[in-house]
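Since we're looking at a predicted model, the values are computed, not measured. We name chains A, B, ... by the order of the sequence lines, and we start the count at 1 in each one. Side chains are part of it too, since the values below use all heavy atoms of this structure and drop only hydrogens, waters and symmetry mates.
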Amino acid sequence: MSTILWIVFYPIIAFIIGLFMLGYARKFTARVQRRYGPPWHQLIFDIVKLMSKKTNISHGYMHDIAIMMLLGGTLLTLLFIPVPGFHYFAQYGDMLVIMYIILIPSLGMALGVGETANPNGSIGISRALMMLAGYDVAFALSFIGMAMLNHTTSMYQLMLIQQQHGISSWGIVVNPFLGIAALIALQGMMGEKPFEVFIAPHEIATGPMVEMGGKYLGIMMIQHCIGVFLEITIFINLFLGGAKNWIELIVKLFVVFTVLLSVNAVFGRFRTDDAVRFMWKIPVAFAIIGLLIVIL
Amino acid sequence: MEYKTENEIIKEIKKVFKQAKCSIKKERRIEVILNKRNIMEFALRMQKNWDFPHLSAISCVDWIDEKQFELVYHFWSYNKKVLVSAKIRIPREKEPHTDSIASLWQPAKFFERDIHEMFGVVFDGNNELEKYILTDWDGPPPMRKDFITREFALNFYSYREYNPEWLQEIIKQGDKND
Amino acid sequence: MEEKLTQRSVWEKILNKLRKRSLWMLHYCTGCGAIELPPTMTARFDMERFGITPMVTPRQADILLITGYLSAKTLKRVILTYEQMQAPKWVVGFGSCTINGGMYWNSYATIKKLDRYVPVEIYIAGCMPRPEAIINSFNVLIQRIDEGKANSWKDYYENYDYYKKNQEAVLGKFDTLVDIKDDAKKFNIV
Amino acid sequence: MYLKTILLLPAITFLISLLFYKTESVKKYLNLIVYGILFYYGIILYKQIGTNFGYNLNFSSLSVNFNVTYLGYFFTLMITGLTFLTVLFYLKFMKDENAPRDFYIWLAIKTFGMLGVVFASDLFTFFLMWEVMSWSTYFVMRKGENTQESSFKYLIYAVSSGMLLLVGLTITYNTFGTFDFAQIHNALSGASVSLLFLLAVIFIGSFAIESAVFPLHSWLPDSYSNTFSPITSYLTGISTRIGVFAIIIFLFNIIGMENINKLVIFKGISLMYILGLISAITIIIPTFTALEQYDAKKLVTWHGIGQGGYMILGLASGTALGIAGGIFHIVNHLTYVSLILFSVAAVEYRTGTTNLNKLGGLIKKMPIEFLGLLIGIIALAGIPPMNGFVSKWMIYKTLILTGHPILAIAAVIGTLGTILSVYKLIHNIFLGQLPPEYNNIKEAPFILQIPIIVLMIVVYVLGVYPGIALSLIAKIQSALNLPAVNYTLHGVSKEVGELNMNVINLVFLGGIIVAYLIYLLGNKRRHVSQYNNYAAGHFLTEKTKYNFNYKFYAALDHVISPWKKRIIERTEKAIISFTENFGEYFRRIYTGNLNTYTMYILTAFVISIIILKELL
């Protein structure tokens, strides 16, 4: 019975935390630019406005299904991530499964945006996939390193191992190189400023979201809130020892997010091939050093 | 004498075009008034023999009372650093024709297209004379002097009445509280 | 221009309360108005406090900001962009050029009264209004949305023929592939 | 006895195609029926696993004998199934007038060859059937325009692989005096490591050529994609996998598990590790060359090589889970690659081209092909609900747990390359703007859609219920006395680290339903045409080409191009030019005038006298 309750409320909690994280993100960047910035709960207004739009356009049934695949895939990934108090699904699929399920939302969106027949969208998707090829190498490397270190690929076991004796057993403390590689890769995965080329508003009119309006953009916003929560929890579970209770998780979420945002607020935007070169040079180098430490 | 290069150029032009009236307006500026027939040859010589590779502009002047258009071709020489403005007169009818020098200079296509749109002068030999600024405009060429813009604008577009009654109430409120 | 106060359900009132705090702006930067926007967005005046951020495509935008004079050629593009936007949408005319032609009042090319062609919600007077005027006008817009009076976009659907006639008087026949009358029925706006 | 009927049926089709050589229409339907029966027998062969049947050739002491093993049954299912679907697709795809007359003859011989290889129980029959198969593959590949040069290239590779196999055959025969697998296996345990090593290199080398492993893969893309599309799908699906079958037989049947770890070169590096490294490179290089292909068939055939690398990587890992993953990947690959190529062929049937730069926006006209291609590419990229993911997951898990980081990283990079090129494939064909010339295209005829729908169901069912195939694979592993993988109906059981595809599938469907409810929260939506699009205020019409297909991953190209040295193409060109010069030099001997010839005869006469004097 409690699992069903968790299954229903866990996505809602994740959505609310993600909502306030994004509100915090806009306030943080505003404060860095010495202005007040929107209120914390700004996203509630945005999502309500988008969902209540009177007219909506779509370019075909694939466009509609893509939006459902986007949100459905994110909810699927969310339920597979162990969180304090709920790890029922985590035993059915390990980290490898999560690394692949995370691709379903982006594939779904790519198909939907492809159908809108707008080259801005296609260019955005091709850049997003190239960025994926860039940051996923370092992320996979760091995950493989952690898995080989602890001889398990299940995220829940990894979390438990890291919680045995406090801070000293955290992934990032045990093997800092893998941790830093994963952090840089996370910057790319979240699409934060230096690696934000695929939704560049000036060059390709927000890339994939060019033809998304009304409720389509609303659902994308909801997915973005859950996605933010989801990606950072993966990093926390792998390298910061997961969390025993929700307060610890929220604190860690905001700390890691501040690190990402501080880079995001002050950086320009890499070109795609420079971003991929950067991603294949520095984080991969860190990860390989970490791996060597693990093997030898 | 101070205008050495300018006089040499004029001597050269005079050698070929006897009846052209050349005068030096000021330092490094020469004005050549030609007959409309030999503008083509003049332009060819300017580019090929007299080292004036740069056609900076073609402009058109509407002499409405003399019922003539005046086309001014501005040639510039990088080495001699002199600007020669060749002027020709064409009659001011509905669709005056003159031959185009687009074959010599690429930019001439653009200048001639502009003059065609604004003055209605047709340049034979330049096949790209469609509209590009006033694409949705089907009125007369607007830069001609006989086209009075104000009168056209007043009756083509509708204006807001300048002093509507709802504005007066707001003004009255404004007077009351200050 | 009397406001038809539609009797609004409670749900509509709540929605308006939330909707008013998030307005996404698509500015059609023509004429000299565009340069007034960066100061309103950045540190000194900070428009984002009211949830107003610039957006790039008409699909995502709620406000279409016309920031200067419109020639016949650009008016055609503005109409296409306006029809690509999702209702409820509002046009904000910026500066005197959109009100009555501004200093180009006697030009043969520019249109003089914007709201003959596209329903305009707010006009901001000034031969380029300062950021304070812009923010003040946005607050007026927010307040009108809150009271449910900002219904100029319905006007476009209701008497589309009036607008179409004016547009074709200036621009001649053109097709924006958006069937406004059918939209009005399908989304039961009329 | 079903084994005889299965081997007999291709002979019948051979006769039919000879009889009705001219009348294409009759030949098509008859062949379809016979291949249907063949497929039926292939399925019910399950009851007669273990039966064998020998037939000795009277002109020599050698004998040709076959037996049915679980692995044989596994491959028969795949061969007969795919052949039936290809013949069904070919039926409608080829118009009667430009259909090559002799295609069915060579197809019959090739099926006979493949079935023979799969059932062979000793090296001699194996070699015999191997030659029949590789020759008939050359002729099957010859169908279609401009296939001459590329299929000739395949022939050179196939013949050299056959010759290598012959060398291996002779060595085993005169050291062990027998051809039978079992006897060789027992004799090998006593043999010295160097002999074992020599045999391993020869045999795996020749099989590697056939299954297009990294250095020897350059023949595959051109030869497979220049022929007609159904043949491409047939060849990519099954033809190269017989090489993998041969590697399985050689590694686990002849050498056997126990003396595989004897093959250690020095300290840590064993032969299996090298095989793993080669297959890792086979995964990376082809997937990143597939990125820039602009022809759909070439792109998918390049992936054929890449996926082959996964299979061998699974086999080389040596653990129960890894081998099961490798074998499972064979059947997965067969299903989703032929699904993709059948969809591409259906598109080609209607539009006439597979050039990715010319197509676009066909989703509105051919939705079923789009669905087929979509499910195919999800499986090819290895994304959960489909079957491709399960075998890849097994391979990754073993590589990580047995401590092969480099192989695991190579596999991950390979997957990334696959995801990128796979999206380009579906985007350039089905998404984006529909070019005006394809405005009045209809759906592909129903016969072409049957194979697509059948394969779609198979890919999805195998994805959610991998247990079906894994049960057969477990029997195969125990038959080859390897540790069998402990599987459940929906994945892998708890001891090895739980994977339950059904849970993933159900939760995904649940997520989609929740998303659909939120979608319904918003107001109605209207479908708009592709010309009602944001183009910065521009009025889009049919004349404006508003599409992004050409050079889809230009930025990644800038990053990768310095590393592309085209090593293989350059070595091939070097070999070709070397043989040409050598031939040229040798040709000068025949000068053509008479007296040089008499002079040759005289010198030959004198030399022979001298030698004879020595001997006597």
Side-chain angles (χ1 to χ4, degrees), chain A residues 51 53-60 62 64 67-69 71-73 75-76 79 89 91-94 96-97 100-101 103-104 107 110-111 114-115 117-119 122-123 126 129-130 132-133 136-137 140-141 144 147-148 151 153-154 205 210-211 214-215 218-219 222 272-273 276-277 291 295, chain D residues 361 363-364 370 374 378 381-384 389 393 396-397 400-401 403 405 408-409 412-413 416-417 419-420 423 426-427 431-434 497-500 503-504 507-508 510-512 514-516 518-519 521-528 530 532-534 546-548 552-553 555-556 558-559:
Chain A
M51 292 307 283
K53 274 278 176 188
K54 278 277 183 298
T55 66
N56 297 297
I57 61 104
S58 102
H59 281 266
M62 191 59 220
D64 312 336
I67 286 298
M68 294 173 213
M69 220 168 133
L71 193 56
L75 290 175
L76 168 70
L79 290 175
F89 285 112
Q91 39 139 349
Y92 284 119
D94 56 3
L96 281 169
V97 172
Y100 273 90
I101 313 179
L103 301 176
I104 296 183
L107 175 74
L111 291 169
E115 168 142 44
N118 193 314
S122 309
I123 296 170
S126 93
L129 288 174
M130 284 188 263
L132 167 78
D136 221 29
V137 175
L141 272 169
I144 288 166
M148 285 174 60
H151 304 299
T153 56
S154 143
V210 71
E211 280 293 304
K215 63 182 177 186
I219 294 180
I222 297 170
T272 327
D273 47 1
V276 171
R277 270 196 208 97
L291 264 175
I295 298 168
Chain D
I363 183 170
K364 295 194 172 48
F370 169 76
L374 176 64
I378 292 179
I383 294 178
F389 168 74
W393 180 83
Y396 285 146
K397 196 148 179 65
I400 292 175
L401 292 186
I409 297 150
V412 163
I413 296 170
L416 292 178
I419 291 166
L420 262 72
Y423 179 72
I426 195 161
H427 173 269
L431 304 172
Q433 293 264 344
L434 180 72
E498 180 71 44
L499 169 69
N500 189 328
V503 167
I504 298 175
V507 172
F508 183 45
I512 286 193
V514 167
Y516 180 64
I518 297 174
Y519 177 78
L521 269 177
N523 290 326
K524 292 200 284 288
R525 55 101 182 88
R526 162 190 291 286
H527 281 169
V528 286
Q530 62 181 9
N532 179 353
N533 223 319
Y534 168 71
Y546 194 47
N547 213 350
F548 176 68
F552 200 67
Y553 294 116
L556 204 61
H558 299 320
V559 177

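Residues D/L416 and A/A133 come closest through the heavy atom pair CD1-O, 3.7 Å. When all heavy atoms are compared, the tightest approach of A/A205 to D/Y534 is CB-CE2, 3.7 Å. Minimum heavy-atom separation, D/A515 to A/G72: CB-N, 4.0 Å. Across every non-hydrogen atom of A/V97 and D/W393, the tightest pair is CG2-NE1, 3.9 Å. Taking each heavy atom of A/D273 and D/A555 in turn, the nearest pair found is CB-O, 3.5 Å. The shortest non-hydrogen separation linking D/Q433 to A/A117 is NE2-O, 2.9 Å.
Annotation: the span from A/L103 atom CG to D/I383 atom CD1 amounts to 5.0 Å, rounded to 0.5 Å. For the atom pair CD1 (A/I67) and CD1 (D/I512), the distance works out to 12.0 Å, reported to the nearest 0.5 Å. Rounding to the nearest 0.5 angstrom, the gap separating the OH atom in D/Y423 from the CG atom in A/L111 is 6.0 Å. Rounded to the nearest 0.5 Å, atoms CZ (D/R525) and NE2 (A/H59) are 12.0 Å apart. Rounding to the nearest 0.5 Å places CZ of D/F548 at 12.5 Å from CG of A/N118. Rounding to the nearest 0.5 angstrom, the gap separating the CZ atom in D/F370 from the CE atom in A/M62 is 4.5 Å.
Using a 4.5 Å cut-off between heavy atoms, D/F389 contacts chain A through its side chain alone, with no backbone atom that close. For chain A, the nearby part of D/N547 is the backbone; its heavy atoms alone come within less than 4.5 Å. Proximity to chain A is absent for every atom of D/L434, based on heavy atoms less than 4.5 angstrom apart. With a 4.5 angstrom heavy-atom cutoff, A/I101 touches chain D via backbone and side-chain atoms both. With a threshold of 4.5 angstrom between heavy atoms, D/V412 approaches chain A through side-chain atoms but not through N, CA, C or O. Contact of D/H427 with chain A is made through the side chain alone, with heavy-atom distances under 4.5 Å. Contacts between D/I363 and chain A at a heavy-atom distance below 4.5 Å involve the side chain alone, from C-beta outward.
Your options are D/A408, D/G382, D/P405, D/A381, and the one with the most heavy-atom pairs under 4.5 Å with chain A is D/P405. Heavy-atom pairs under 4.5 Å with chain D peak, among A/I144, A/L107, A/L79, at A/I144. Ranked by non-hydrogen atom pairs under 4.5 Å with chain A, the options D/N533, D/I400, D/V528 are led by D/N533. Highest contact tally toward chain D, considering only A/M68, A/H151, A/R277, A/M69, is held by A/M68 [criterion: heavy-atom pairs under 4.5 Å]. By number of non-hydrogen pairs under 4.5 angstrom with chain D, the leading residue of A/M51, A/E115, A/K53 is A/E115. Of the listed residues (D/N532, D/V514, D/I504, D/I518), the greatest number of heavy-atom pairs within a distance under 4.5 Å of chain A belongs to D/I504. Of the listed residues (A/I57, A/L129, A/L75), the one with the most heavy-atom contacts under 4.5 Å to chain D is A/L129. Highest contact tally toward chain D, considering only A/L141, A/D94, A/V210, is held by A/D94 [criterion: heavy-atom pairs under 4.5 Å]. Among A/T153, A/T272, A/T55, the residue making the largest number of heavy-atom pairs under 4.5 Å with chain D is A/T153.
At a cut-off of 3.5 Å, with distance as the only test, a side-chain donor of D/H527 or A/D64 sits close to an acceptor on the other residue.
Inter-residue side-chain proximity for A/Y92 and D/L499 is flagged as unmet; no heavy-atom pair is nearer than 4.5 Å.
Here the side chain of A/K215 pairs a donor or acceptor atom with the backbone of D/N523 at under 3.5 angstrom. A donor-acceptor pair under 3.5 Å links the side-chain atoms of A/N56 to the main chain of D/K524, judged by distance alone.
More than 12 non-hydrogen atoms from other residues, nucleotides or ligands lie less than 6.0 angstrom from OH of D/Y546.
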